[in-house]
Every structure is written in structure tokens, then in C-alpha cells.
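Below is one structure; the comments refer to it alone.
Below, chains carry the letters A, B, ... as their sequence lines are ordered, and counting in each starts from 1. Treat the numbers as computed from the prediction; the structure is a model and nothing was measured.
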There are 2 protein chains.
Amino acid sequence: MGRVKLQIKRIENTTNRQVTFSKRRNGLIKKAYELSVLCDVDVALIMFSPSGRLSLFSRNKSIEEILERYVNLPEHERGR
Amino acid sequence: MGRVKLQIKRIENTTNRQVTFSKRRNGLIKKAYELSVLCDVDVALIMFSPSGRLSLFSRNKSIEEILERYVNLPEHERGR
DNA sequence: CTTTCTATCTATAACCA
DNA sequence: TTGGTTATAGATAGAAA
């Protein structure tokens, strides 16, 4: 989307990569929020920015609670 | 988006909620994939469907590796 | 529970401030 | 960097299978 069709590959220009990260991270969090509300489900989102900084999303439950729910699944249900 | 503007609140009709989950889950995973490639970052996404089934996303590294990177952060960097 | 079609609503790339 | 603006590419609600 946007003025031009983007190829999905690493953005080499550092500034552009940072700007794109900031914008798309917000978009991704918004989508995760909407999904969690509309469908009333648990969603946990963990991201590390290009500089290594952490970004998180979860609603209702804490990230830790959701991770715990995941870790506590029987092993055969944990594969994708 | 779509034929009508949707209010962001729980979809009460079970069938519609399931259908919306299927569609938006795919959209969210696609966005997470694009962000991870474009910006070359780690993204981990954990979702539980309305029926309790697990959906995961991560690229390059396994979910476990990313969770580990998160858990190993100093506590003061783990808050949002 | 997944998927196709298509009219509409959204997200965002390139700019600009 | 850090946010707006705008033209377009992309996502998706509803209907139906």
C-alpha cells in the first residue's frame, strides 16, 4: 500500500528502515488489538526493534500469562 | 474495511466471530511477516483461537528463541 | 473451519513540514 | 529525527459455498 508497491525484502537504508518500523509496528499493534477485541481472544506480540529495543502487546492478560498458557500446552499442541 | 465499517467490540454471533478470526489471523500473520523482513527484526506472535486452538508466527528464529530473548532481558527492560 | 468474490474501508510509501 | 498529508496498494465485511 502507499504510493508505490513495496517489495518485501530488507530495507537497506537505515533511516527508511527505522521510519518504516515505527509506522508498521503501530499498525501491527492496532491489528492485534482489533483481533483480540473482535474475536475475544488472547494475543501476545513481542518485537525487537532494529536497535534491539523491545515492543510488546497484549490485552486483558499480561504477556507473562499468555506465555504461560502457551508453555503449559501439551508438547504436541505447541508445534505450529 | 470491507463492505461496512466495523465497530471494534466483541462479535457476538459465533459464526461471524469464527470467520472474522480466520481472516484477520491470516492478515495479522502477513503483517508480522512483512515487518520482520522489511525491518529485519524478530517478531513473535502467539494467538489462541476462539475455540482455544493455538496459532503461532515467527521467522528465522523459533518462538522459543524469541521468548527466551525476552525472558532473559533485565527486568527493568521487560515492562512495556 | 476455510475460502472466493467484490464493494469499501484502511494502512502506508513517498513527500513535506 | 518526528509528525502530518495524500495518492495508492492492501485488507476485509458480508454473502455464499
To the nearest 0.5 Å, tell me how far [X] [atom1] sits from [Y] [atom2].
X	Y	atom1	atom2	value
Glu12(B)	Arg17(B)	CD	CZ	7.0 Å
Ile8(A)	Leu38(B)	CD1	CG	4.5 Å
Leu28(B)	Lys30(B)	CG	NZ	12.5 Å

Do the non-hydrogen side-chain atoms of [X] and [Y] ever get within less than 4.5 Å of each other?
X	Y	answer
Arg59(A)	Asp40(A)	yes
Ser36(A)	Phe57(A)	yes
Lys31(B)	Leu35(B)	no
Val41(A)	Val43(A)	yes
Glu65(A)	Leu67(A)	no

If the cut-off is 4.0 Å, is [X] near the phosphate of [N], judged by side-chain N/O to OP1 or OP2?
X	N	answer
Thr20(A)	dT12(C)	no
Arg53(B)	dC1(C)	no
Arg24(A)	dA13(C)	yes

Rounded interatomic separation in angstrom, taking [atom1] from [X] and [atom2] from [N]:
X	N	atom1	atom2	value
Asn26(B)	dG10(D)	CG	P	17 Å
Lys23(B)	dC5(C)	NZ	C1'	10 Å
Phe21(B)	dA13(D)	CZ	P	13 Å
Met1(B)	dT12(D)	CE	C1'	6 Å

Exercise. Strictly by modelled atom types, are Glu64(A) and Tyr70(B) linked by a side-chain donor-acceptor pair under 3.5 Å?
Worked result: yes
Problem set entry | Inter-end axis angle, the helix from dT2(C)-dA17(D) to dC16(C)-dG3(D), with every axis fitted to five base pairs (rounded, 10 degrees) | 50°
Exercise. Is Arg69(A) salt-bridged to Asp42(A), going by a charged N under 4.0 Å from an acidic O?
Worked result: yes
Exercise. Taking DNA chain C as the partner, which of residues 27-52 of chain A come within under 4.0 angstrom of it by heavy atom?
Worked result: Gly27(A), Lys30(A), Lys31(A)
Seminar exercise, completed: Per the under-4.0 Å heavy-atom filter, residues of residues 3-19 of chain B near DNA chain C come out as Arg3(B), Lys5(B), Gln18(B), Val19(B)
Exercise. So does Gln7(A) have more than 12 non-hydrogen atoms from other groups sitting under 6.0 Å from CD?
Worked result: no
